[in-house]
Amino acid sequence: MLLLGSHVGYKKDTGLVGSVKEALSYGENTFMFYTGAPQNTIRSTINLKQVEEAFALMKEKGVVADKVIVHAPYMINLASSDEEKFHFSCRFLQEELKRVEACQMKYLVLHPGSHVGQGVEIGTQHIIEGLNQILKEDTTSVQILLETMAGKGSEIGKTFEELKAIIEGVEKKERIGVCLDTCHIHDAGYDLDHFDAVLKEFDQVIGLSRLLCVHVNDSKNERGSHKDRHENIGFGKIGFANLLNVIYHKKLENIPKILETPYVDRLYPPYREEIRMIKEKKFDPDLLQKIKNV
Ligand code: FE
Ligand code: FE
Ligand code: ZN
């Protein structure tokens, strides 16, 4: 079954029920949310009654609950050489894993981190140290999915080898997976005109069994640009055919595909129309205009 969803909001008053309702309004059968705003680390306690309600609604409407993804906030940086920032990131993630569990979710996507000038090797050591510390004390069974990064600034995780180096250092490897972001790998230099070769490389370096989530985004920039600017499906430099190829790839069949494409004019969520277009398998050059007119 095609598992297709998008990033949806999570608000304190409506909790997980609100997120499910938003996903349903776009015609999705899975989705991704942050346990608060993506940009900050202010978090409220998870409302368990809303979680129960959300699960009942998902069951009723056919949303595949065990493929729903949680994403950690951007500010978290395990690669930081700044003690305070590092410890804050560890503590936050420890709490976040508990929130993910309270939401009865299984996967937390995490940006590995940015070394901010110390170099990939030192940054990687910090990430490993952080993950080992967190997982040593953690009592949940949530899996942390390290995301492939575009290599913007000093981001670590821009090659499969960099992710592999992190995984190799983690003691509880069974708790680690990977989230592949099409915009990020394209911006990092991987060629999505030849996705089979990319997947083969992923399999050889990391192992396909670790791949548990795919972020499907087009890119505003050329391959290798290291920019990380998402574009709507089919309107960027990756292109519709290449993205369809990822979405419908046989080897990725049971993996949730999550859209993180930009709102049109920063105002109109594109997901309902993008999902329709993906299911019709036919590119619609007027899609963005239609989204604005809905
Ligand atoms: Fe991400
Ligand atoms: Fe992403
Ligand atoms: Zn991105």
Side-chain angles (χ1 to χ4, degrees), residues 3-10 19 23 28 30-41 67-79 89 92-93 96 100 105 107-114 127 131 142-160 162-163 166 176-190 192 198 202 206 210-233 235-238 242-243 246-247 252 255-263 266 269-271 274:
L3 293 159
L4 190 54
S6 72
H7 162 215
V8 300
Y10 178 98
S19 307
E28 308 179 351
T30 186
F31 61 93
M32 179 176 83
F33 67 101
Y34 294 70
T35 59
Q39 303 86 359
N40 68 44
T41 49
K67 300 286 182 177
V68 173
I69 307 285
V70 186
H71 197 309
Y74 307 138
M75 281 170 62
I76 295 307
N77 186 10
L78 290 181
S89 298
F92 182 93
L93 277 173
E96 183 76 352
V100 176
M105 296 304 168
Y107 306 110
L108 177 66
V109 169
L110 174 71
H111 294 179
S114 296
I127 297 168
L131 288 172
V142 174
Q143 260 188 301
I144 296 176
L145 309 186
L146 302 171
E147 184 165 352
T148 60
M149 302 309 290
K152 187 172 84 180
S154 61
E155 280 172 352
I156 296 173
K158 62 187 179 295
T159 63
F160 301 154
E162 288 184 6
L163 291 180
I166 298 170
I176 306 291
V178 172
C179 167
L180 183 133
D181 186 311
T182 55
C183 168
H184 295 176
I185 63 170
H186 163 89
D187 283 23
Y190 291 95
L192 287 157
V198 173
F202 185 101
I206 297 174
R210 291 219 190 262
L211 184 53
L212 296 168
C213 177
V214 173
H215 286 169
V216 184
N217 303 301
D218 214 324
S219 172
K220 285 193 195 298
N221 294 287
E222 297 294 340
R223 174 156 63 90
S225 64
H226 302 297
K227 287 261 174 59
D228 189 7
R229 294 201 53 214
H230 301 187
E231 181 55 283
N232 292 102
I233 302 299
F235 290 87
K237 303 289 183 191
I238 298 175
N242 282 344
L243 291 171
V246 173
I247 293 166
L252 308 181
I255 301 170
K257 320 289 185 322
I258 305 291
L259 306 172
E260 303 173 297
T261 47
Y263 277 31
R266 297 180 175 219
Y271 308 121
E274 284 182 329

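Both ligands and their constituent atoms are indexed starting at 1 by order of listing. Computed over heavy atoms, backbone and side chain alike; hydrogens, waters and symmetry mates excluded.
Taking backbone and side chain together, Glu260 holds no N, O or S atom under 2.8 Å from the Fe ion (ligand 1). In summary, His215 places no N/O/S atom under 2.8 Å from the Zn ion (ligand 3), failing the contact criterion. Taking 2.8 Å as the criterion, His184 does not count as a coordinating residue of the Fe ion (ligand 1), since none of its N, O or S atoms falls below it. At a cut-off of 2.8 Å, Cys183 does not coordinate the Zn ion (ligand 3) through any N, O or S atom. Taking 2.8 Å as the criterion, Asp228 counts as a coordinating residue of the Zn ion (ligand 3), since one of its N, O or S atoms falls below it.
Judged purely by atom type and a 3.5 angstrom limit, His230 uses its side chain to pair as donor or acceptor with the backbone of Glu260. Not one N or O on the side chain of Asn232 forms a donor-acceptor pair closer than 3.5 Å with the backbone of Phe235.
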- [ ] Please assess Phe31 against Tyr10 for the test ring pair (Phe, Tyr, Trp, His ring centres under 6.0 Å), listing each intermediate value before the final yes or no.
- [x] CA-CA 11 Å; Phe31 61 93; Tyr10 178 98; 9.8 Å; no

- [ ] For Tyr34 and His7, run ring pair (Phe, Tyr, Trp, His ring centres under 6.0 Å): C-alpha distance rounded to whole Å, both residues' side-chain angles, the deciding distance at 0.1 Å, then the answer.
- [x] CA-CA 8 Å; Tyr34 294 70; His7 162 215; 5.2 Å; yes

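Heavy-atom contacts from other residues, nucleotides or ligands closer than 6.0 Å to NZ of Lys220 number more than 12.
At the Fe ion (ligand 2), the vertex angle linking ND1 of His215 with OD2 of Asp181 is 110° (nearest 10 degrees). Here the Fe ion (ligand 1) is the vertex; the NE2 atom in His71 and the OE1 atom in Glu147 give an angle of 90° (to 10°).
Contact annotation: the side chain of Leu108 approaches that of Leu93 to within less than 4.5 Å [non-hydrogen atoms, C-beta and beyond].
The name of the N, O or S atom in His184 nearest to the Zn ion (ligand 3) is NE2.
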